[in-house]
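A note on names: the letters A, B, ... follow the listed sequences, proteins ahead of strands, and every chain is numbered from 1. Since we're looking at a predicted model, the values are computed, not measured.
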Amino acid sequence: MKVVYKSQTKATWCPGCGDYGVMAALEMAFKALKLPPHEIVLVSGIGCSSNLPHFFKTYGFHGLHGRAVPVATGIKLANPSLTVVVAGGDGDGYGIGLGHSLHAMRRNLDLTYVVMDNEIYGLTTGQASPTSTLGAKTKSTPLTGVIEAPVNPLALALSAGATFVARAFSGDPKQMADLLVQGIRHKGFALVDVFSPCVTYNHLNTFDYFRSRVYKLESVGHDPTDPVAAFRRTLEWGERIPTGLFYRAERPTYEDLEPALKDGPLPHQRAGFPPDVDPLKEFY
Amino acid sequence: MKVVYKSQTKATWCPGCGDYGVMAALEMAFKALKLPPHEIVLVSGIGCSSNLPHFFKTYGFHGLHGRAVPVATGIKLANPSLTVVVAGGDGDGYGIGLGHSLHAMRRNLDLTYVVMDNEIYGLTTGQASPTSTLGAKTKSTPLTGVIEAPVNPLALALSAGATFVARAFSGDPKQMADLLVQGIRHKGFALVDVFSPCVTYNHLNTFDYFRSRVYKLESVGHDPTDPVAAFRRTLEWGERIPTGLFYRAERPTYEDLEPALKDGPLPHQRAGFPPDVDPLKEFY
Amino acid sequence: MQELALRVGGAAGDGIATVGETFCRLLTRQGFYAFGHTGYQSVIRGGHVWFQARGSPERIWSQGDGCDVLYALDRQTVEVHAPTLRPGGVLVFDPEKFSVLPDQVPPKVKILPVPTLQLARKFASEPILQNGVGMGVVSALAGQPLSVLHGILTESLGRKGAVLAQNLSASEAGFRYAKEHFGALDRALPEKGGSPKLLMSGNQAIALGAVAAGLKFLSQYPMTPATSIMHWLAAHAESFHVVVKQAEDELAAINMAIGASHAGVRAMTATSGGGFALMVEAFGMAAMTETPLVVVESQRSGPSTGLPTKTEQGDLQMILGASQGEFPRVVLGPGSVAEAYRETARAFQLAEDWQTPVVVASDLYLSEDVQGLDREDLPTLPTPASLFTVPEPPEGGNGYLRYRDTPSGVSPRAIPGQRGLMFDAGSDEHDESGRLVSDVLSGIPAYVEVRRKMMDKRMRKLSGIRSATNPPTLEGSDPAEITLVGWGSTAMPVRDALALLKGQGVAANYLHVAQPWPLHGEAIVQVLRSAKRTLLIEQNFSGQLGRVITAETGLRFPDTLLKYDGEPFYPWEIVTKVMEVTGRVHR
Amino acid sequence: MQELALRVGGAAGDGIATVGETFCRLLTRQGFYAFGHTGYQSVIRGGHVWFQARGSPERIWSQGDGCDVLYALDRQTVEVHAPTLRPGGVLVFDPEKFSVLPDQVPPKVKILPVPTLQLARKFASEPILQNGVGMGVVSALAGQPLSVLHGILTESLGRKGAVLAQNLSASEAGFRYAKEHFGALDRALPEKGGSPKLLMSGNQAIALGAVAAGLKFLSQYPMTPATSIMHWLAAHAESFHVVVKQAEDELAAINMAIGASHAGVRAMTATSGGGFALMVEAFGMAAMTETPLVVVESQRSGPSTGLPTKTEQGDLQMILGASQGEFPRVVLGPGSVAEAYRETARAFQLAEDWQTPVVVASDLYLSEDVQGLDREDLPTLPTPASLFTVPEPPEGGNGYLRYRDTPSGVSPRAIPGQRGLMFDAGSDEHDESGRLVSDVLSGIPAYVEVRRKMMDKRMRKLSGIRSATNPPTLEGSDPAEITLVGWGSTAMPVRDALALLKGQGVAANYLHVAQPWPLHGEAIVQVLRSAKRTLLIEQNFSGQLGRVITAETGLRFPDTLLKYDGEPFYPWEIVTKVMEVTGRVHR
Ligand SMILES: Cc1ncc(C[n+]2csc(CCOP(=O)(O)OP(=O)(O)O)c2C)c(N)n1
Ligand SMILES: Cc1ncc(C[n+]2csc(CCOP(=O)(O)OP(=O)(O)O)c2C)c(N)n1
Ligand code: SF4
Ligand code: SF4
Ligand SMILES: [Mg+2]
Ligand SMILES: [Mg+2]
């Protein structure tokens with residue numbers, strides 16, 4: 001029987017939105033990995049991009065703005081046998097949720113985090129986001145443009161201890177799907193930052209903008225096991241912007257080190273006091 | 001007349017706590033810079049370290065756990081003529097407050113942030129902090145020890161766009177005072193991470209632990225203007241741990257770019273509608 | 001009462017808001033009072049969107065009930081909105097897009113097919129130009145001269161030369177088409193109302209009121225329906241000398257505002273319920289450090305993310321409970337765009353006079369809908385005084401007590417930068433000087449006493465605020481058969497309902513509790529005890545203001561009209577309920 | 001009633017808690033009921049610290065009033081605590097450290113100088129060994145055999161061979177010294193009470209109750225006085241198979257717990273008021289997504305950071321208002337250590353049965369103080385059933401409605417990993433299937449109706465919970481002259497006060513509202529209407545439970561005993577107030 005990953009809910013993004021590319025690539029990745037849909041949980045926050053779980057027929061949790069990663073952490077720690085993919089926007093993950101994102105990375109939970117980075121707040125109709133370009137005029141920066149330096153999510157991820165750090169572009173769903181496959185397969189926290197243009201509110205960082213700038217790291221012989229080389233690549237911004245796998249490392253996952261999970265996923269374990277233990281003994 | 005910076009409130013830290021060194025170095029820095037006490041605002045969160053403002057006779061704001069940086073941001077943006085120094089713990093600044101810390105760095109506000117990094121939660125009697133060493137047994141990790149990789153605050157600061165990134169050690173208040181003087185003088189966000197041992201709850205990262213490991217970056221000819229070199233140095237951890245100035249850059253501060261501050265500190269500006277403007281005109 | 005209501009509907013991206021707002025502007029330009037109500041979705045493109053623009057030579061307070069012109073850009077608009085067409089009304093649509101059967105509209109409603117696309121195509125190829133035609137049609141039906149519409153289009157499209165010309169031509173074509181094929185509606189407005197009115201949303205009024213009261217610092221994180229406060233202030237930041245800071249989240253936003261206020265400037269943050277939820281901890285810190293703070297909480301349908309584009313008054317209980325422990329707070333619930341201006345200004349005064357946080361509780365309905373106003377509705381305020389009120393003591397003076405225990409509970413406030421007045425503002429319990437009680441003194445009898453005194457000092461402000469502010473007053477008939485009780489934006493449809501009830505021969509009045517906290521309990525009891533009958537009316541499930549009144553006074557509300565489906569009250573709903581409660585059958 | 005109370009005081013770092021807890025353990029080992037109350041500061045070293053250990057062969061519920069033995073390690077202890085010594089009591093101190101004048105103690109109190117340091121020096125050089133001496137002294141005064149103390153010391157110091165030997169010798173020296181120079185107190189307890197008791201803090205009981213009810217996941221961020229829940233569970237995580245996750249902050253902690261619960265395990269988070277303030281947004285999300293969740297909120301003195309080591313019941317209003325909009329929630333306020341166990345277990349059951357968040361509202365007093373218990377106080381619970389309750393439909397089945405509108409409001413719940421039951425849990429308003437209403441359907445009449453129905457469905461749970469749970473019952477005399485009304489830990493001193501009142505010939509009883517929400521309003525009205533007189537007693541400024549009762553029932557409380565200085569109630573304070581309210585003069 002053919003496995004269906006998409007739900008019957010039509011995506012509600014604007015025509016041409018970069019997020020369609022992410023949806024397509026994610027479907028390709030699920031297919032390639034032959035994941036049973038009921039073993040996938042898509043977790044998101046709030047934003048245009050965060051509506052993504054509704055367009056898939058997997059389990060989904062569409063939570064609060066900026067709090068997708070902690071919810072996903074709880075799900076994964078309760079049941080590590082699930083494939084947990086977090087999806088959301090740049091505001092969600094690098095703005096209000098930045099702290100959670102980075103703490104999850106150092107924990108090295110086996111999560112895959114796809115950030116649909118459009119350098120703008122889409123759903124709230126176009127304010128500056130943490131990745132907005134210096135000088136960009138938005139509804140919250142109408143006079144001077146943005147006057148704070150954008151975050152560098154890949155450099156931060158690298159510094160925070162993420163063990164898989166990659167960048168894709170909605171204009172190249174094949175490369176993205178490939179990175180997602182690798183990211184999901186990777187045992188540990190995988191960040192896939194995606195240039196996913198907002199065609200409605202961001203007229204600066206457009207498909208054309210990125211298309212004319214991106215190049216693939218593999219084409220320049222980048223060594224993804226070298227953190228310093230990776231850091232140097234994350235600083236490249238301007239006429240040439242690298243995509244692909246920046247960094248990858250092997251490190252035990254948090255779940256592997258958590259003793260309470262030795263006997264398998266928590267929902268399948270028995271609950272209550274173990275029969276051979278008198279929990280009150282120590283209180284005498 | 002002799003300027004007094006210390007208040008009559010005796011510091012309440014445990015005897016031998018590393019934070020005494022920070023207090024001493026900060027006083028040395030204020031003296032060296034000849035700052036008028038009423039033009040200094042010390043802002044802190046909650047933690048042993050965050051009690052610091054009470055021990056100085058400057059203006060002080062002892063706010064909420066993890067929220068010192070936003071309060072300081074508000075103070076500085078309202079009145080850039082004040083010297084605003086943020087002080088607090090590793091839990092406060094790199095745990096619950098990590099997002100705020102990094103966003104403030106990319107904004108490049110002219111703040112100086114001293115983090116008393118004791119690799120533990122002191123005030124709550126000894127749980128793991130975000131900088132606790134892998135394997136460290138604490139009250140919250142009594143069985144396995146810490147199983148998540150510690151944050152690397154300096155690498156994160158570098159990646160977040162801090163324009164002054166330094167590390168000091170409570171065992172060397174002179175070096176610390178010197179870095180604080182530079183940090184306060186520096187136009188932009190200055191992070192001074194301080195190894196400030198908790199003698200009560202952290203028996204791993206002690207004075208001796210650090211004393212036997214630290215070396216000064218200036219002694220190895222480190223170039224603080226090279227971000228990649230700085231990044232490489234932030235990765236050094238183990239038998240040899242660098243202190244001193246990792247990185248410094250020049251970039252306009254947020255306050256400099258904010259047009260509403262062109263006419264000086266806000267409290268001194270007139271309020272209400274400018275006399276020559278009819279604010280209702282556009283509504284007809 | 002003479003009035004006319006236009007409704008326009010279509011898909012997001014069809015330019016519905018532009019048509020609606022342009023028509024509202026046309027009404028206020030012509031001297032009519034207007035009300036513009038918008039219905040939209042929580043996605044950027046797609047989904048059904050509509051706008052109701054209502055005008056009258058007399059004061060109106062809400063979107064009213066039903067419409068006279070329905071300009072339907074798609075079939076769904078006909079399905080959803082045709083039932084709201086009133087007798088004598090007309091449905092305007094383009095037969096090229098879809099067809100309408102006569103039984104799709106109510107009796108005595110006409111159907112006016114207009115080839116909007118075809119007419120538009122003469123001037124440009126973009127389908128959006130159809131709205132130029134549509135606006136011309138509506139102007140004609142409303143009995144308004146084309147020149148006013150042309151004036152407005154010229155202002156708004158001025159910079160886009162070719163586009164302007166196309167729109168002028170298209171609207172003229174529409175105007176002519178309507179005149180030829182229909183004429184004006186029976187309900188058409190006169191050619192001119194009174195003097196031109198202002199057209200303003202609640203959020204714009206809040207922003208204006210804040211600046212008028214001396215706002216110098218806004219830190220905000222975007223969240224519907226509070227976002228446009230930041231948009232408006234950001235656009236005016238330079239000319240009004242206000243720092244507008246988009247924070248990384250709401251936790252930062254409120255803490256920044258507290259910092260700025262501590263530094264000596266009038267500061268505000270604004271958000272909706274979900275964002276306010278994140279401000280809860282710092283809200284209490286403002287009270288503990290006795291830092292003035294104004295928070296705008298524009299409510300939307302909850303719980304949780306809820307319906308981000310729908311209205312509700314469901315957050316009062318959260319606001320009243322916000323933050324651990326007990327401290328004085330003020331909650332204001334303005335009941336019109338003009339009140340939004342005045343109450344926001346009052347919020348700043350209260351925050352500063354009493355050194356404690358004040359919440360202006362708006363909602364999507366008040367914040368985003370637009371209303372026509374007279375200039376006198378927005379009084380000019382005196383230029384705010386400087387905050388440097390504490391005289392600087394001679395060098396080295398040590399006697400300054402930031403938290404001095406005074407009869408009012410308010411203590412003299414110093415500002416960082418003032419010589420010799422250095423103090424610590426602390427979120428821990430402290431003594432009059434600001435010294436911590438928590439560190440080494442808690443539980444020591446003398447300091448148990450200090451703690452109690454400091455609590456008393458802070459809580460004392462509440463009765464002071466109650467005395468210093470005006471109790472709610474009755475609006476409408478006196479004596480009355482029934483007294484409605486509500487707060488915030490509910491006042492708007494209630495006011496229209498009172499007029500309708502008068503027309504029906506029912507004497508009703510309204511107790512508008514514009515200050516839910518501290519509540520003027522005794523005054524309210526006095527009014528309600530002498531009322532023949534009461535009706536609690538709130539836009540929430542559990543009658544939250546009613547619960548506050550009961551908790552304070554013991555007085556209960558046997559009759560309630562509570563709505564929690566996201567739509568605002570329609571005046572006629574209120575009328576119907578009053579008819580039912582007063583034992584009449586509604587005719 | 002026979003009872004004995006020891007108080008020990010000194011500077012932080014003096015080992016005060018160890019002495020106090022050891023003595024409590026000694027009491028429960030000997031079969032006495034005990035209560036241990038601790039007073040400490042919000043710094044790690046320095047500041048005055050004390051501990052009161054009280055024991056009795058009969059049930060006791062609080063620290064009681066005053067003490068019989070005051071073991072003062074420093075001069076400040078004498079100044080602060082000597083006035084609490086009861087007639088027949090004794091002050092123990094070391095004259096080498098400071099001197100005590102006879103008029104520093106109340107009448108009929110003896111002074112027993114003990115050369116603790118000198119005696120200790122015989123066995124080791126560390127001054128901390130003085131407490132070994134002190135514990136021996138206290139054992140002798142209390143009339144307890146040395147062997148019991150030695151047994152306890154051997155267990156606790158077992159691993160530290162030399163230290164143990166020193167302590168055994170020192171305590172023996174102290175014991176002998178006291179026997180020689182004083183003998184036992186008049187009030188000394190018998191050599192043996194009943195069967196040995198458990199000694200447990202409220203937080204330990206909460207942790208135990210949670211595990212008994214099936215807890216598999218705790219995510220928490222440290223905050224006094226909730227922290228020790230995490231400490232205890234972390235230490236037992238492996239043997240009880242519980243994931244204990246210290247989160248990066250409280251926002252993460254609650255969201256993680258919601259995630260874990262969503263994934264199918266019983267999950268909890270715990271915090272104090274300031275941390276709960278940060279959980280407010282997600283608290284509402286749990287209700288909206290209908291995810292079971294247990295939150296322990298252990299209150300401390302607010303507002304804001306307040307007094308971190310002092311108690312209060314000041315957060316009820318915050319908990320009841322937590323999060324925007326309206327949704328069902330449950331708030332439990334256990335009134336003893338045993339109730340903390342049982343109510344926490346009940347919280348899990350309610351959360352799961354009704355798929356909504358439940359708060360266990362403790363406070364510093366209940367959470368951190370220790371009480372002696374019988375094993376029967378902590379009933380064994382049945383092993384929790386598996387959560388996989390929804391049968392998996394045949395492959396591809398599409399009919400599953402996660403949010404089906406049922407008569408109870410509770411819908412069948414699937415767990416990720418179950419085949420064919422995939423659904424989205426969303427914080428936006430949604431229909432029965434989980435499909436969003438907010439995105440493209442809001443305001444469309446059929447979906448306005450869906451919204452209303454989903455609100456009704458969720459809110460309906462509240463009346464179901466009310467019916468399914470027991471109304472509060474009266475404790476104490478019946479009939480009674482006066483009925484006290486309270487919630488949570490206040491029950492503890494109230495129970496001791498009832499006994500004292502009985503001794504004074506006053507018939508009083510207590511309505512313990514252990515479930516402040518949903519309130520059993522009618523049952524409460526019935527009880528209180530027939531009460532001769534009521535007294536609301538709460539550990540806060542504004543009588544928050546009283547306000548809830550008034551809001552729900554209209555019933556008011558003319559008499560109140562409210563305390564907000566951070567100290568718990570002392571039974572005698574309650575007695576005094578009752579005497580005053582019932583028109584007696586207190587003798
Ligand atoms: C606590 C909170 N604050 C604010 C909002 C409003 N809000 C919804 S989405 C969003 C930002 C969306 O930006 P991003 O995460 O980049 O997603 P995008 O829409 O661009 O895909 C904001 C601020 C919210 N829902 N919750
Ligand atoms: C919102 C909130 N959560 C938790 C706490 C409790 N708390 C106080 S200090 C602290 C951590 C202190 O650690 P750190 O910041 O490293 O400071 P240190 O005491 O080590 O100097 C915590 C968790 C709090 N005050 N507020
Ligand atoms: S607003 Fe932007 S991000 Fe949102 S759906 Fe439209 S194009 Fe995509
Ligand atoms: S507990 Fe640790 S950090 Fe706190 S004062 Fe003591 S030594 Fe310093
Ligand atoms: Mg975005
Ligand atoms: Mg620390």
Side-chain angles (χ1 to χ4, degrees), chain A residues 9-17 19 44-51 54-55 62-67 89-100 118 120-132 137-148 151 198-202, chain C residues 11-13 17 40-49 203 218-253 270-275 277-279 300 302-309 368:
Chain A
T9 304
K10 227 181 116 253
T12 48
W13 295 306
C14 306
C17 175
D19 296 351
S44 70
I46 299 290
C48 292
S49 42
S50 288
N51 282 344
H54 293 278
F55 313 140
H62 180 202
L64 297 172
H65 187 43
R67 315 296 165 202
D90 42 335
D92 207 67
Y94 305 147
I96 188 168
L98 181 61
H100 301 309
N118 56 11
I120 199 83
Y121 282 11
L123 190 58
T124 44
T125 75
Q127 300 80 23
S129 96
T131 52
S132 287
K137 296 210 172 178
T138 70
K139 281 196 191 152
S140 54
T141 58
L143 305 176
T144 56
V146 171
I147 59 172
E148 45 199 282
V151 296
C198 170
V199 296
T200 303
Y201 294 113
N202 190 335
Chain C
Y40 64 107
Q41 308 287 344
S42 187
V43 291
I44 300 306
R45 291 277 157 95
H48 178 61
V49 173
N203 276 353
L218 174 87
S219 42
Q220 183 171 342
Y221 188 73
M223 185 161 197
T224 307
T227 311
S228 56
I229 296 171
M230 174 168 68
H231 290 172
W232 194 86
L233 284 169
H236 295 77
E238 220 170 318
S239 45
F240 295 165
H241 289 259
V242 175
V243 168
V244 174
K245 180 79 207 79
Q246 181 181 333
E248 61 269 29
D249 59 23
E250 288 88 350
L251 298 136
T271 184
S272 184
L278 295 175
M279 296 183 177
R300 65 192 208 190
S304 205
T305 310
L307 291 171
T309 61
E368 298 202 334

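Proximity to chain C is limited to the side chain of A/C48, based on heavy atoms less than 4.5 angstrom apart. Heavy-atom distances place the side chain of A/Y201, and not its backbone, under 4.5 Å from chain C. Residue C/V244 does not touch chain A at all, counting heavy-atom pairs closer than 4.5 Å. Of the two parts of A/H62, neither the backbone nor the side chain holds a non-hydrogen atom closer than 4.5 Å to a non-hydrogen atom of chain C. Both the backbone and the side chain of A/T12 come within contact range of chain C, each with at least one heavy atom under 4.5 Å from a heavy atom of that chain. For a residue to count as touching a neighbouring chain, one of its non-hydrogen atoms must lie under 4.5 Å from one of that chain's; by this rule C/L251 touches chain A with the side chain only. Heavy atoms closer than 4.5 Å to chain A are found nowhere in C/S228, neither backbone nor side chain. Contact annotation for A/L123: both backbone and side-chain heavy atoms come within less than 4.5 Å of a heavy atom of chain C.
Between the OG atom in A/S44 and the NE2 atom in A/H65 there is a gap of 11.5 Å [rounded to 0.5 Å]. Note that the OG1 atom of A/T124 and the CE atom of C/M223 stand 10.0 Å from one another [nearest 0.5 Å].
When each of A/I46, A/L98, A/I147, A/I96 is checked for heavy-atom pairs under 4.5 Å with chain C, A/I96 comes out on top. Of all the listed residues (C/L233, C/I44, C/T224), the one sharing the greatest number of non-hydrogen pairs under 4.5 Å with chain A is C/I44. Considering only heavy-atom pairs separated by less than 4.5 Å from chain A, the leading option among C/Q220, C/H231, C/E238 is C/H231. Between chain A and the options C/A252, C/A235, C/A12, C/P308, the largest number of non-hydrogen pairs under 4.5 Å is found for C/A235.
Of all heavy-atom pairs between A/S140 and C/M230, the closest is CB-CE, 4.0 Å. Of all non-hydrogen atoms in A/A128 and A/T141, the two that sit nearest each other are CB-CG2, 4.2 Å. For the pair A/I120 and A/D90, the tightest heavy-atom approach, listed with the atom from each and the gap, is N-OD2, 3.2 Å. Of all heavy-atom pairs spanning C/Q246 and A/E148, the tightest one is O-OE2, 4.5 Å.
Ion pairing between a basic and an acidic side chain is recognised when a charged N comes within 4.0 Å of a carboxylate O; C/R300 and C/E368 show no such pairing.
The aromatic rings of C/F240 and C/W232 lie tilted to each other, with the angle between the two planes from 30° to 60°.
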